[in-house]
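Reviewing the structure listed below.
Only this structure's heavy atoms are used, side chains among them; waters, hydrogens and symmetry mates stay out. Every chain is numbered from 1, with letters handed out A, B, ... down the list of sequences.
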Amino acid sequence: MSEPLPSIAQRLRNLNERQLDAVKKIDGPLLVLAGAGSGKTSVITTKIAYLIQTCGFKANSIIAVTFTNKAAREMKERVVGMLSKQESRGLSISTFHNLGLRILRKEFRRAGLKEGFTLFDAQDSLSLVKEILDKEFNGQMDAAAYCQNTISNWKNDLTTPQEAMTNADTEEFLLAAQVYVQYQRYLRAYNAVDFDDLILLPVSLLMADEELRDRWQKKVRYLLVDECQDTNASQYELIRLLAGFRRCFTLVGDDDQSIYAWRGARPENLERLSVDYPNLKLVKLEQNYRSTKIILKAANTLIANNPHIYDKALWSDHEEGEPIRIMVTRNEDAESERVAAEIQSRHLRHEIPYRDFAILYRGNHQARLLEIKLQAYRIPYKMNGGTSFFSRAEIKVLMGYLRLLVNPSDDNAFLRIVNVPRREIGPATLEKVGNLASERGVSRLEAAGYKALEESITGRSLKSLQDFERWMLTLRQRLESGASPVPVIEQMIHDMDYYGWIQEQTSSNKAGDRRIENVRFLLDSIQRMMESAWEEDENAGLDQAISKLLLIDMLERQEEEEDEDKVQLLTLHASKGLEYPHVFLIGCEEELLPHRNSIENDDIEEERRLAYVGITRAKKTLCITLAAKRRQYGEEIDCMPSRFLDELPEEDLVWEGRGDEGESAKKERGQASLSALKAMLNS
DNA sequence: CAGGCTTTTGTTTTT
DNA sequence: CAAAAGCCTG
């Protein structure tokens, strides 16, 4: 009993006039300025369906890019729901980084990479920078983070190591530039790329190689980009290169929601677009379908304090809604407590499901206290962006093994795991291996098998080192002779008694079981990934599965599968693109919401946009909290209310806990804690 | 070489 | 006040 899918004509009827303009413009460059909650996702998804069903585009000739996996997945789900299986085959909706990876997997040889190259995450690249500083610059270790950051910025700006060297005009820049040169050399030697390379390398390839550029430009007939105010210089260049002479694309963005300038995003790209493409068509989406009038007005009033590239006037025909509550509490403890009590009481009194609440905050550490209080009230919650799946020790170690298995040149992985679990291979031994490796110009793993080591390394260490090398070799040979990867991995796990080691490392059996489950989950995901790659007819290899998995937030995926009714905890950054009926925005204080560093750097505008993003997540109610005192570094600090509170329309705010609240608010609060108390007794 | 202990360091935001 | 890094002993 399959319901007939709504026809594309019906879907188009659900759009407003502006949205329809945006969908129907298909023959040239288009920029859609989409205010918060103006239905831009509908525009993008409907447009993809329209391109395929009405305009006869093949799904595999359309590329859509977003910034987060969550957004990409959601979008793909919606589009696939509109199309038949036939029609949606080969449709590519992914993040920028996934797209770059896909290009690189096809063209890696031209970028000087070998089969099975690995993807370095932020931690890997930091330890690589440290290694370089240690070896080549006699240990200016304190500069590591700075160098890493500077190098990343250069890459995002398409600055080559040579250019960085030439332009370095301070001591710091010079050091960073020198490290940059070495860093790229080491990366290639390790047969590895970092996150930024996923964009940078495809861009350089497309620029340098005409044949390759031609091929990709022929392949990509239409391009759609979401959140394009967040594109950095290299991503913008990638768009231009892929769009090519055809110049057919839809970019969607909102300069008021640009909150990633700190990692190289260039909201000016929106402006530059009309220079680079003089016949650019501009469509503004200004009707907000998400929030109440009061919430929208507050957001508009706040953001009016920022300068604008394009003027926008968001309006809504929803009802006025409730005023915005501002809760002032004694300290951060009371703040979390009040939020938890409030949620529990509203859940019980109005039967609002937990999933309708979101708590937003500036920094991840703020979630700690919340977790404690929510647990105390037995409120189920889901934290987004906490410890990522891949930073869990048991996963990190196993990933190290997998990387080394796939890419024996990956010295970083080698160093991370040779002695985990303990094999009595310590720093002294490893140094000798390292020396030999650089002497002979081979990887550390390969050097570990060399006879020459027998002179400098003694008994036990030598033996376990050689055993290790031979063991890895055997496993790799099995993989190369076409064995299916997961059984090989299972063999490996068995050989080193990995599960036993995990249990040993873990205080309680229960926690150990949980960790083993995580490992199993990783194996499952690899298996699934291999199967789906097979279906898509890509040449499926373990290396591809691994780097794809690294780009996906698995934690998210894991929990998405359960149909959960949980309060959502997220950072303001992570909340972009999402919406919730009831939003709590906590920690609205000077030095925290305009963050201290941003105040110092005079970077208030981006902080204001961050607050704007937070406010515009709310559909029905918004509650902003702040504490009078807060613990910091052990001592109690007096907090000032955020300047952004002064920029909200006063007539729509209701203050609580400031000493001048009305009787009704006090009564409400009493009731809130009473209900919460009952809830605790019941459970 | 490993594990436990003391000292020191430090808090944006993330693909 | 916490986590991480460094120090020292078995």
Heavy-atom side-chain contact between A:I359 and A:I586 under 4.5 Å: yes
At 4.0 Å (heavy atoms only), tell me whether A:I425 reaches a base, stays on the sugar-phosphate, or touches nothing. sugar-phosphate
Determine the contact category for A:R596: base if any of its heavy atoms lies under 4.0 Å from a base atom, sugar-phosphate if only primed atoms, P, OP1 or OP2 are that close, otherwise nothing. nothing
Please determine whether a side-chain nitrogen or oxygen atom of A:N69 lies at a distance below 4.0 Å from atom OP1 or OP2 of B:dT14. no
Taking any heavy-atom pair under 4.0 Å as a contact, classify A:T66: base, sugar-phosphate, or nothing. nothing
In terms of relative ring orientation, are A:W501 and A:Y498 parallel, tilted or perpendicular, with 30° and 60° separating the classes? parallel
Report yes if a side-chain nitrogen or oxygen of A:T68 is closer than 4.0 Å to either non-bridging phosphate oxygen (OP1 or OP2) of B:dT14; otherwise report no. no
Name the nucleic acid region contacted by A:R630, choosing base, sugar-phosphate or nothing; use a 4.0 angstrom heavy-atom cut-off, strictly under. nothing
Please check the phosphate of B:dT15 (OP1 and OP2 only) for any side-chain N or O of A:S152 closer than 4.0 Å. no
Using a strict threshold of under 4.0 Å (side-chain N to carboxylate O), is an ion pair present between A:R609 and A:E606? yes
Would you classify A:N232 as touching base, sugar-phosphate or nothing, given that sugar-phosphate means primed atoms plus P, OP1 and OP2, and contacts are heavy atoms under 4.0 Å? nothing
Does a nitrogen or oxygen in the side chain of A:N364 sit under 4.0 Å from OP1 or OP2 of B:dT14? yes
Minimum heavy-atom distance A:A574-A:L578, with the two atoms named: O-CD1, 3.6 Å
